[in-house]
A.B. asks: 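Okay, handing you the structure first.
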Amino acid sequence: MPEFQHSPGMRDILPPESGRWRRFQAVFAEVAEAAGYGEVMPPLMEDIGVFQRVGEHTDVVTKEMYDFVDKGERHIALRPEQTASVCRAFAQHRPLTPWKVYYAGPNFRYEKPQRGRYRQFDQVGIEVLGADDPYLDVEVIAIAWEFYKRLGLQQVTLLLNSLGEPQDRADYTAALQDYFEQHLEALSPESRITLAKNPLRVLDSKRAVDAAVLAGAPHISKFYSADAAAHFEAVQQGLNDLGIPFTIDTSLVRGLDYYRRTTFEFQGGTLDSAQNALGGGGRYDGLVESLGGPPTHGIGFALGLDRTLLACDDEGVFAAPQAVVDVFVVDTTGGREALLITAELRSAGISADRAFENRSMKSQMKGADRSGAPIAIIVGSNEVEAGVVTLRPLRGEDLQRLVPRGELISEVTQSLEQAAKEATA
RNA sequence: GUGGUCGUAGCUCAGCUGGUAGAGCGUCAGUUUGUGGUACUGAAAGUCGCGGGUUCGAGCCCCGUCGGUCACCCCA
């Protein structure tokens with residue numbers, strides 16, 4: 001065993017999996033940019049106050065933050081999510097609204113790790129600040145939906161709810177509190193604890209004993225103000241117009257305290273309940289204001305990279321890309337020819353790899369095979385004397401041939417084009 | 001944070017009631033010293049997570065600890 005391993009909940013992402021991560025983020029960037037979103041890159045750490053504004057009562061803030069005091073006596077925290085940072089950035093820079101941004105990168109939460117749940121975990125997401133239009137809600141959801149489609153995921157369920165206006169939410173919370181207190185005996189001990197902290201979140205319970213009580217609980221929909229009801233109606237209509245299927249789930253309560261009106265979550269159909277929340281988001285108010293900005297409407301979502309990838313594994317889509325190089329150079333004269341030829345190929349925009357340590361030809365050919373390259377360039381003493389190289393197709397039935405050293409690039413280019421054509425045919 | 005479970009070569013695992021470690025895959029090297037993907041031969045590679053204890057003797061038993069995993073909690 002090595003003396004050091006990564007800390008719990010941290011991981012090394014190695015190739016080819018790392019290529020999959022990069023592609024994941026690239027696809028997300030494409031989808032977001034196609035809708036006019038620009039990338040925002042907030043810092044990995046901030047004054048802890050930025051995150052505390054998100055919700056004084058949530059576990060994310062109270063128990064799970066990675067924080068420390070820096071050499072300037074500042075109380076700093078590693079970001080547990082990015083929404084707060086984006087709002088802080090908005091309050092600080094005051095860009096034109098609506099401000100449409102996306103982000104990708106790691107977040108940190110001090111939790112007990114388990115499958116699909118790490119202390120350093122990546123999310124991609126978008127936020128829009130400064131607009132309250134229900135069609136914006138639809139656009140935001142549609143972007144996530146399109147992203148899942150691009151990945152190839154089929155079994156994603158969109159759960160939709162509205163928490164109403166802050167007042168509606170408060171009224172509902174009070175009603176819920178009353179109801180649960182009347183049925184305290186039937187609630188699980190865990191839920192009773194949750195009830196004391198935040199009645200809304202009792203609805204999240206997955207415990208079987210709570211099911212009966214939950215089924216009889218009052219519904220948020222009875223508490224909507226006219227505005228909230230109209231907004232929610234418009235969102236549903238818009239989703240229907242785009243052909244995006246959704247399920248209303250009145251028990252859908254997001255973890256952070258600042259949400260209002262539209263909330264949504266994406267669930268993976270193939271995953272266990274512990275990690276089936278692929279992503280979620282909603283509309284929020286007051287966050288920018290609490291960070292020193294003007295009153296600003298906001299909406300956004302965050303999607304977990306790990307869980308989404310787990311869902312991809314289960315559905316057999318979005319596999320890790322195989323690292324492939326165009327050409328593998330086999331040199332049996334000591335390696336200098338390979339040095340020159342790979343450099344020449346790379347300068348010409350042709351990716352090329354080679355073996356080192358002067359291995360046997362057989363070993364080098366093995367390397368060529370493993371590299372995935374469609375062609376090998378072989379150089380031995382015969383070739384060097386004759387001023388040629390051997391161009392050896394590795395994938396098809398074509399025979400190898402000698403080409404003049406000076407025509408290397410044009411011959412390889414031609415050969416690669418032909419290989420590409422055969423591959424698609 | 002609480003509870004269950006697991007931890008043996010790079011990977012996946014075997015190792016019966018305790019007697020100082022094995023397989024497959026992979027890696028490397030050979031099988032006519034210029035040619036890969038198949039086959040054959042061989043080799044390297046493990047302080048059996050770590051630390052204590054019981055025992056003549058522990059990978060197998062006990063305790064602790066670290067890590068993974070599952071459930072709860074929470075969430076992505």
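Only this structure's heavy atoms are used, side chains among them; waters, hydrogens and symmetry mates stay out. Below, chain A is the first sequence line, B the second, and so on; all start at residue 1.
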A.B. asks: Atom CG of A:Leu159 and atom P of B:C75: how far apart are they, to the nearest Å?
C.D. replies: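 Result: 15 Å.
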A.B. asks: Using the P atom in both, what is the distance from B:C75 to B:C61, to the nearest Å?
C.D. replies: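 Result for the P pair: 40 Å, nearest Å.
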A.B. asks: Quote, to the nearest angstrom, the P distance that separates B:A45 from B:G10.
C.D. replies: 11 Å
A.B. asks: Taking only residues two or more places apart in sequence, or in another chain, which ones meet A:His75 in a ring-ring contact (aromatic ring centres under 6.0 Å, His included)?
C.D. replies: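 A:His75 satisfies ring-ring contact (aromatic ring centres under 6.0 Å, His included) with no other residue.
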A.B. asks: Report the nucleotide, chosen from B:A76, B:C74, B:U35, that has the shortest atom-to-atom distance to any side-chain atom of A:Glu64.
C.D. replies: B:C74
A.B. asks: Name the orientation class of the two ring planes belonging to A:Tyr148 and A:Trp145 (parallel below 30°, tilted from 30 to 60°, perpendicular beyond 60°).
C.D. replies: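 Plane angle over 60°, so perpendicular.
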A.B. asks: When you get a sec, tell me which of B:C74, B:G37, B:U2 is the closest nucleotide to the side chain of A:Lys112?
C.D. replies: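 In terms of side-chain proximity for A:Lys112, the closest of B:C74, B:G37, B:U2 is B:U2.
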A.B. asks: Could you tell me the separation between the CZ atom of A:Phe301 and the C1' atom of B:C75, rounded to a whole number of Å?
C.D. replies: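 Those two atoms, CZ and C1', are 17 Å apart.
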A.B. asks: Can you tell me how far C1' in B:U47 sits from the matching atom in B:A43, rounded to whole Å?
C.D. replies: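 22 Å, rounded to whole Å.
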A.B. asks: With rounding to the closest Å, how many angstrom separate the C1' atoms on B:A9 and B:C28?
C.D. replies: 15 Å
A.B. asks: With P as the reference atom in both, quote the distance from B:U32 to B:G19 in angstrom, rounded to an integer.
C.D. replies: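 It comes out at 45 Å once rounded to the nearest Å.
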A.B. asks: Please tell me whether A:Ser371 and A:Asp353 have a donor and an acceptor in their side chains that are separated by less than 3.5 angstrom.
C.D. replies: no
A.B. asks: Counting only non-hydrogen atoms, which of residues 390-415 of chain A are less than 4.0 Å from RNA chain B?
C.D. replies: A:Arg392, A:Leu394, A:Arg395, A:Gln400
A.B. asks: For A:Glu265 and B:C74, give me the distance from atom CD to atom C1', rounded to whole Å.
C.D. replies: 12 Å
A.B. asks: Tell me, which pairs form a ring pair (Phe, Tyr, Trp, His ring centres under 6.0 Å) where one or both residues lie in residues 100-141 of chain A, sequence neighbours left out?
C.D. replies: A:Tyr66-A:Tyr110
A.B. asks: Does A:Gly268 reach a base, just sugar-phosphate, or nothing at all? Heavy atoms under 4.0 Å.
C.D. replies: nothing
A.B. asks: Got a sec, which residues hit salt bridge (Lys or Arg N to Asp or Glu O under 4.0 Å) with A:Glu146, two or more places apart in sequence or on another chain?
C.D. replies: A:Lys149, A:Arg150
A.B. asks: Going by side-chain hydrogen bond (donor to acceptor under 3.5 Å, both in side chains), name the residues that satisfy it together with A:Arg20, two or more places apart in sequence or in a different chain.
C.D. replies: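 A:Arg20 satisfies side-chain hydrogen bond (donor to acceptor under 3.5 Å, both in side chains) with A:Glu17, A:Asp313 once adjacent residues are dropped.
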A.B. asks: Between B:G59 and B:G36, how far is it from one P atom to the other, in whole Å?
C.D. replies: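 Approximately 44 Å lies between the P atom of B:G59 and that of B:G36.
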A.B. asks: Which nucleotide, B:U69, B:C74, B:U35, lies nearest any side-chain atom of A:Arg117?
C.D. replies: B:C74
A.B. asks: Counting side-chain heavy atoms from CB outward, which of B:C74, B:G68, B:G34 is closest to A:Arg201?
C.D. replies: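 My answer, after comparing the listed nucleotides, is B:C74.
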A.B. asks: So what does A:Thr308 touch, heavy atoms closer than 4.0 Å: a base, only the sugar-phosphate, or nothing?
C.D. replies: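 Since no nucleic acid heavy atom lies under 4.0 Å of A:Thr308, the category is nothing.
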A.B. asks: Between the base of B:G49 and the side chain of A:Gln5, is there a donor and acceptor pair under 3.5 angstrom?
C.D. replies: no
A.B. asks: So, using side-chain hydrogen bond (donor to acceptor under 3.5 Å, both in side chains) as the criterion, who are the partners of A:Gln414 when residues are at least two apart?
C.D. replies: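 Expected list: none.
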A.B. asks: Could you check A:Gly304 against A:Tyr110 and say which one's nearest nucleotide on RNA chain B is further toward the 5' end?
C.D. replies: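 In this pair, the answer is A:Tyr110.
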A.B. asks: Picking from B:U69, B:G36, B:U35, which would you name as closest to the side chain of A:Asp369?
C.D. replies: B:G36
A.B. asks: With A:Arg370, which residues qualify under side-chain hydrogen bond (donor to acceptor under 3.5 Å, both in side chains), at least two apart?
C.D. replies: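 By the side-chain hydrogen bond (donor to acceptor under 3.5 Å, both in side chains) rule, A:Arg370 matches no residue at all.
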A.B. asks: Quick check: on RNA chain B, is the nucleotide nearest A:Gly367 upstream (toward 5') of the one nearest A:Ala302, or the reverse? Name the residue that is more 5'.
C.D. replies: A:Gly367
A.B. asks: Name all residues meeting the side-chain hydrogen bond (donor to acceptor under 3.5 Å, both in side chains) criterion together with A:Ser85; count only those two or more places apart in sequence or in a different chain, and write none if there are none.
C.D. replies: A:Glu46
A.B. asks: For a quick test of reading the model: is some side-chain N or O of A:Ser191 closer than 4.0 Å to OP1 or OP2 of B:C72?
C.D. replies: no
A.B. asks: Starting at the 5' end of RNA chain B, what dot-bracket string do you get if Watson-Crick and G-U pairs under 3.5 Å are bracketed, crossing pairs use [ ], other-strand pairs use | and unpaired bases use dots?
C.D. replies: (((((((..((((........)))).(((((.......))))).....(((((.......))))))))))))....
A.B. asks: How far, in whole Å, is B:A14 from B:U31 if one measures between their P atoms?
C.D. replies: 38 Å
A.B. asks: Give every residue pair that meets the ring pair (Phe, Tyr, Trp, His ring centres under 6.0 Å) criterion with at least one member in residues 307-356 of chain A, sequence neighbours excluded.
C.D. replies: none
A.B. asks: Between A:Gln114 (CD) and B:U69 (C1'), how many Å, whole number?
C.D. replies: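 Answer to the nearest Å: 8 Å.
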A.B. asks: Distance criterion of 3.5 Å, no angle test: do you see the side chain of A:Glu111 paired donor-to-acceptor with the base of B:A76?
C.D. replies: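 Looking at the base of B:A76, it does pair with a donor or acceptor on the side chain of A:Glu111 (distance under 3.5 Å).
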A.B. asks: What's the gap between B:G52 and B:A58 when it is taken at their P atoms, as a whole Å value?
C.D. replies: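 Roughly 13 Å separates the two P atoms.
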A.B. asks: For a quick check of understanding: with a heavy-atom distance under 4.0 Å over all strands, which category does A:Leu278 fall into, base, sugar-phosphate or nothing?
C.D. replies: sugar-phosphate
A.B. asks: Quick test of your reading of the model: are A:Arg354 and A:Glu337 salt-bridged, counting only N-O distances below 4.0 Å?
C.D. replies: no
A.B. asks: Heavy-atom count around A:Met41 CE within 6.0 Å, excluding the residue itself: above 12?
C.D. replies: no
A.B. asks: List the protein contact pattern of nucleotides 24-30 of chain B with one symbol per nucleotide (5' to 3'): B for base contact, S for sugar-phosphate-only contact, - for none; contact means a heavy-atom distance under 4.0 Å.
C.D. replies: ---SSS-
A.B. asks: Give A:Phe328 one of three labels, base, sugar-phosphate or nothing, depending on what nucleic acid heavy atoms sit under 4.0 Å from its own.
C.D. replies: nothing
A.B. asks: Tell me which one of A:Arg260, A:Arg283, A:Arg261 satisfies side-chain hydrogen bond (donor to acceptor under 3.5 Å, both in side chains) with A:His297.
C.D. replies: A:Arg260
A.B. asks: Choosing from B:G34, B:C75, B:C74, which nucleotide comes nearest the side chain of A:Arg109?
C.D. replies: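 From the listed options, B:C75 comes nearest.
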A.B. asks: Are A:Asp369 and A:Arg395 ion-paired here, with the side-chain N under 4.0 Å from a carboxylate O?
C.D. replies: yes
A.B. asks: Taking CE from A:Met361 and C1' from B:U32, how many angstroms apart are they, rounded to a whole number?
C.D. replies: 15 Å
A.B. asks: To the nearest angstrom, how far is A:Tyr259 atom OH from B:C75 atom P?
C.D. replies: 11 Å
A.B. asks: Under 4.0 Å, counting only non-hydrogen atoms across every strand here, what does A:Glu383 touch: a base, just sugar-phosphate, or nothing?
C.D. replies: base
A.B. asks: Check side-chain contact (heavy atoms from CB on, under 4.5 Å) between A:Val324 and all other residues, then give those that pass, not counting sequence neighbours.
C.D. replies: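 If we apply the side-chain contact (heavy atoms from CB on, under 4.5 Å) test to A:Val324, skipping adjacent residues, the hits are A:Gln322.
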A.B. asks: In whole angstrom, give the distance that lies between atom NE2 of A:His6 and atom C1' of B:G49.
C.D. replies: 14 Å
A.B. asks: Quickly work out the A:Gln82 CD to B:C75 C1' distance and round it to whole Å.
C.D. replies: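 Nearest whole value for this atom pair: 16 Å.
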A.B. asks: Can you tell me if A:Gln364 touches the phosphate of B:U35, counting only side-chain N or O atoms and a distance under 4.0 Å to OP1 or OP2?
C.D. replies: no
